[in-house]
**Student:** 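Quick one: this structure, given as structure tokens, is what I'll be asking you about.
Residue numbers start from 1 in every chain, and the chains themselves are labelled A, B, ... in the order their sequence lines are given, proteins ahead of strands. Owing to the predicted nature of the structure, the values given are computational and were not obtained by experimental measurement. Values reported hereafter were calculated over all heavy atoms of this structure, with side chains retained and with hydrogens, waters and symmetry mates removed.
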Amino acid sequence: MTDREKIQQILQGISKTALPAQPSESLFDAGVLDSFSLVDLVAGIEQAFGIKIPDSDLNPRQFDSIEYIEKYLSSHR
Amino acid sequence: MSFIRAFGAYLPETIITNDQLASRLGCEAEWIFKASGIRERRQARAAGENETLVEMAVRAGRACLEHAGLTPDQIGMVIMSTGTAPRRFPGPAAETASQLGLPAGVATLDVPMASAGTLFAMALADQLAARYGNILVIGVEKMTEIAWREPADPNLAILFGDGAGACLISPNSGIAEIVDHTLQSDGSFTRDLRLEHDGTLCMEGRSVILQASRKIPAAIMLLLERHKWSAADVNVLLMHQANQNLMNRVAQAVGMAQDRVFSVIEKTGNTSSASMLIAAAEWAHQQTSLSGKRIAFAAFGAGFHWGALLARGV
């Protein structure tokens, strides 16, 4: 499973809203994420990728699109 | 360690329901409840009608002294937290002490810290009580004056209410012994929740929720592990009443049943640094005895400042 597929699986597990067509689209604007499901997303990423995201990296903008999440993961592994 | 001897609270008489607020803000009453768990909040009377921040603090402080069975001359210090003080200086603590009837010369300390202020004040009082005797801690906020200032942001304006909470920390005896506390701060998030002088309230809600959802449980678990308490051992979690959804998240993260989180937010809204002690006063009022009960306090707020405190009923 690719990083993108894993991220999509996490998102589908925490939101009933359809994922945006483009990986660059905002997950907040699309209604996939809100303040509270963002917490679930971060926990899901940590579990699925076996990493610990430090609190200092928890800028919501870094998780606003599938593309941003991919970039974060590739630069922190 | 010192003892919690009593709690007290004051809520203004004027109730503002979600229906009233929704029509003012152009949103739905049920959306307010879903987003926050709040159905109504209290509003202090306008300053012209003489319900000032100090007046609210005095009423909560007086209720606390009555519950403690103490008179003003038995208080050795007042520590008061607020993020909505009407002046840059002096802070409201000295004036509050004076209006409470404390003798001149009794030390007072202002903690200008929204939301987490009373937790920090309780921890300070715990350390200072051995030297200064009984310490009255008060958290008081007039949040509606800030959050409803035009142009009001509905996402913020729905959250807040006015009120005051208090507790009495004594060096030798009380209803619960303070076991331990942890206080923490991180200034790299200063801009995410702030109120500039003469400005409007600014909150990056996503950042606040994300950080609070991790930092509050971590602070509680740090203390639980240090004292070998399990989450199931804790009889009640008395938290800063920020948002019901956040409180539920914290309970879930700590592994605590949600009914252990005592909440008054439905009736009070978020009263910032007053909220934790308003909740504590209501919870204590409902108990016949605190003996043997394990109590966890926790708060998070602008700064960011956060922490937790454990106490055990005696």
**Student:** Can you confirm whether more than 12 heavy atoms, excluding those of R61(A), are under 6.0 Å from its CZ atom?
**Tutor:**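 It does not: R61(A) CZ has 12 such atoms or fewer within range.
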
**Student:** Let me know if D192(B) has heavy atoms under 4.5 Å from chain A in its side chain, its backbone, both or neither.
**Tutor:** neither

**Student:** Quick one: OG on S35(A) to CG on L246(B), what's the gap to the nearest 0.5 Å?
**Tutor:**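 Rounded to the nearest 0.5 Å, the OG-CG separation comes to 10.5 Å.
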
**Student:** Return the option, out of N59(A), D40(A), V42(A), with the maximum number of heavy-atom pairs under 4.5 Å with chain B.
**Tutor:** D40(A)

**Student:** More than 12 heavy atoms of other residues, nucleotides or ligands under 6.0 Å from CD of Q12(A): is that the case?
**Tutor:** yes

**Student:** Under 6.0 Å from the CD atom of E5(A), do we count more than 12 heavy atoms belonging to anything else shown?
**Tutor:** yes

**Student:** Where do S207(B) and P60(A) come nearest, in terms of heavy atoms and distance?
**Tutor:**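 Heavy atoms of S207(B) and P60(A) come nearest at N-CG, 3.6 Å.
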
**Student:** Heavy atoms only: give me the nearest Q211(B)-D55(A) pair and the separation to one decimal.
**Tutor:**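 Closest heavy-atom pair between Q211(B) and D55(A): NE2-O, 3.0 Å.
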
**Student:** Report yes or no: is the cationic atom of R249(B) (NZ for Lys, CZ for Arg) under 6.0 Å from the centre of the six-membered ring of F36(A), at an angle within 45° of the ring normal?
**Tutor:** no

**Student:** With a sphere of 6.0 Å drawn around NZ of K267(B), does it hold more than 12 non-hydrogen atoms of other residues, nucleotides or ligands?
**Tutor:**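 No, not enclosed.
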
**Student:** Give a yes or no on whether E28(B) atom CD has more than 12 heavy-atom contacts from other residues, nucleotides or ligands under 6.0 Å away.
**Tutor:** no

**Student:** Run the side-chain contact (heavy atoms from CB on, under 4.5 Å) check on V39(A) and I209(B) step by step: do they pass?
**Tutor:** CA-CA 8 Å; V39(A) 181; I209(B) 296 292; 4.1 Å; yes

**Student:** Locate the shortest heavy-atom distance separating R214(B) from P54(A); write the atom from each residue and the value.
**Tutor:** NH2-C, 4.5 Å

**Student:** Considering only heavy atoms, which portion of S188(B) lies under 4.5 Å from any heavy atom of chain A: side chain, backbone, both, or neither?
**Tutor:** neither

